[in-house]
Chemist: 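Dropping the structure in here first, questions after.
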Amino acid sequence: YIRKAGKSENPQDYREYLNEFGDKAEFKQEVVQALKTLEVKQVQTILQNPADAQSVRRFIVDFPDSERYMEIKTAVETRAPAPVKEVLLPEIKAASLRSLQLAPTTPKVRQVLETYPETRAEVKKP
């Protein structure tokens, strides 16, 4: 798994390794760091071109538990053309809510509630 992930740089390959070996994974720290690095690269790509719907959607698939959806939302909201915003903003909102279900943290809950106050009833605090 780890060799495949290193060659492909596909976040899903790294996650397969973590799922397979869990806390007993020999290279867990390296894998976690590699995932963070890949996440940063994808966020930078999106911030450079927030109108690229494919990059945003790839990020949503690759990092479903990310804490960086508000940053992406802001970039899309402020710099993408209106037709792109209309499509991506609801997808980013849905991804933010899914992220809370997958990996709830107090800062993430706070961010989502501040950004989407209408979701208060849906959001469960960790």
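Positions are given from 1, in the same order as the sequence printed here. It should be emphasised that the depicted structure is a prediction, and the values quoted were computed from it without experimental measurement.
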Chemist: Taking atom CG of Asp65 and atom CD of Glu39, what is their separation to the nearest 0.5 Å?
Modeler: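 Those atoms lie 7.5 Å apart.
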Chemist: With a 4.5 Å limit on heavy-atom distance, are the side chains of Thr119 and Leu100 in contact?
Modeler: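 Side-chain contact under 4.5 Å: no.
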Chemist: Between Asp62 and Arg15, what is the shortest heavy-atom contact and its length?
Modeler: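 Residues Asp62 and Arg15, closest heavy atoms: O-NH1, 2.5 Å.
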Chemist: If only atom types and distance count, is the side chain of Gln12 paired as donor or acceptor with the main-chain N or O of Val61 below 3.5 Å?
Modeler: yes
Chemist: How far apart are the C-alpha atoms of Leu38 and Phe63, what are their side-chain angles, what is the distance that settles it, and do they pass the side-chain contact (heavy atoms from CB on, under 4.5 Å) test?
Modeler: CA-CA 9 Å; Leu38 291 172; Phe63 300 98; 3.9 Å; yes
Chemist: Report yes or no: does Tyr17 contribute a side-chain atom to a donor-acceptor pair with the main-chain N or O of Phe27 at less than 3.5 Å?
Modeler: yes
Chemist: Using a 4.5 Å cut-off on heavy atoms from C-beta on, say whether the side chain of Ile60 contacts that of Val56.
Modeler: yes
Chemist: Might you point out which heavy atoms bring Ser99 and Ser66 nearest each other, and give the distance in Å?
Modeler: OG-O, 2.8 Å
Chemist: Looking only at heavy atoms, which two atoms of Leu47 and Glu71 are closest? And how far apart?
Modeler: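 Scanning both residues completely, I find the closest heavy atoms to be CD1-OE2, 3.4 Å.
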Chemist: Restricting to side-chain contact (heavy atoms from CB on, under 4.5 Å), what partner residues turn up for Thr37, sequence neighbours left out?
Modeler: Gln33, Lys41
Chemist: Please identify each residue that fulfils side-chain contact (heavy atoms from CB on, under 4.5 Å) with Thr115, with sequence neighbours left out.
Modeler: Met70, Lys73
Chemist: How long is the straight-line distance from NZ of Lys36 back to OH of Tyr14, given to the nearest 0.5 Å?
Modeler: 14.5 Å
Chemist: Not counting sequence neighbours, list each pair that qualifies as a salt bridge (Lys or Arg N to Asp or Glu O under 4.0 Å) and has a residue in residues 93-110.
Modeler: Lys93-Glu118
Chemist: Could you tell me which non-hydrogen atom of Phe59 sits nearest to which non-hydrogen atom of Ile46, and how far apart they are?
Modeler: CB-CD1, 3.6 Å
Chemist: Taking all heavy atoms of Pro104 and all of Leu102, pick out the closest pair and write down the distance.
Modeler: CD-C, 3.8 Å
Chemist: Would you give the length of the straight line joining atom CG of Leu35 to atom CG of Leu18, rounded to the nearest 0.5 angstrom?
Modeler: 6.5 Å
Chemist: Ignoring hydrogens, what is the shortest heavy-atom contact between Ala53 and Leu88? Give both atom names and the distance.
Modeler: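 Smallest heavy-atom distance, with atoms named: CA-CD1, 3.8 Å.
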Chemist: Under the salt bridge (Lys or Arg N to Asp or Glu O under 4.0 Å) rule, what pairs show up with a residue in residues 82-91, not counting sequence neighbours?
Modeler: Arg57-Glu91
Chemist: Kindly write out the residues that satisfy side-chain contact (heavy atoms from CB on, under 4.5 Å) with Arg79, not counting sequence neighbours, or none if the list is empty.
Modeler: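 Checked Arg79 against side-chain contact (heavy atoms from CB on, under 4.5 Å); matches are Pro50, Ala75.
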Chemist: Indicate yes or no: at least one non-hydrogen side-chain atom of Val87 is less than 4.5 angstrom from one of Pro83.
Modeler: no
Chemist: Going by the rule side-chain contact (heavy atoms from CB on, under 4.5 Å), which residues pair with Gln48 if we only count those two or more places apart in sequence or in a different chain?
Modeler: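 Partners of Gln48 by the side-chain contact (heavy atoms from CB on, under 4.5 Å) criterion come out as none, since no residue qualifies.
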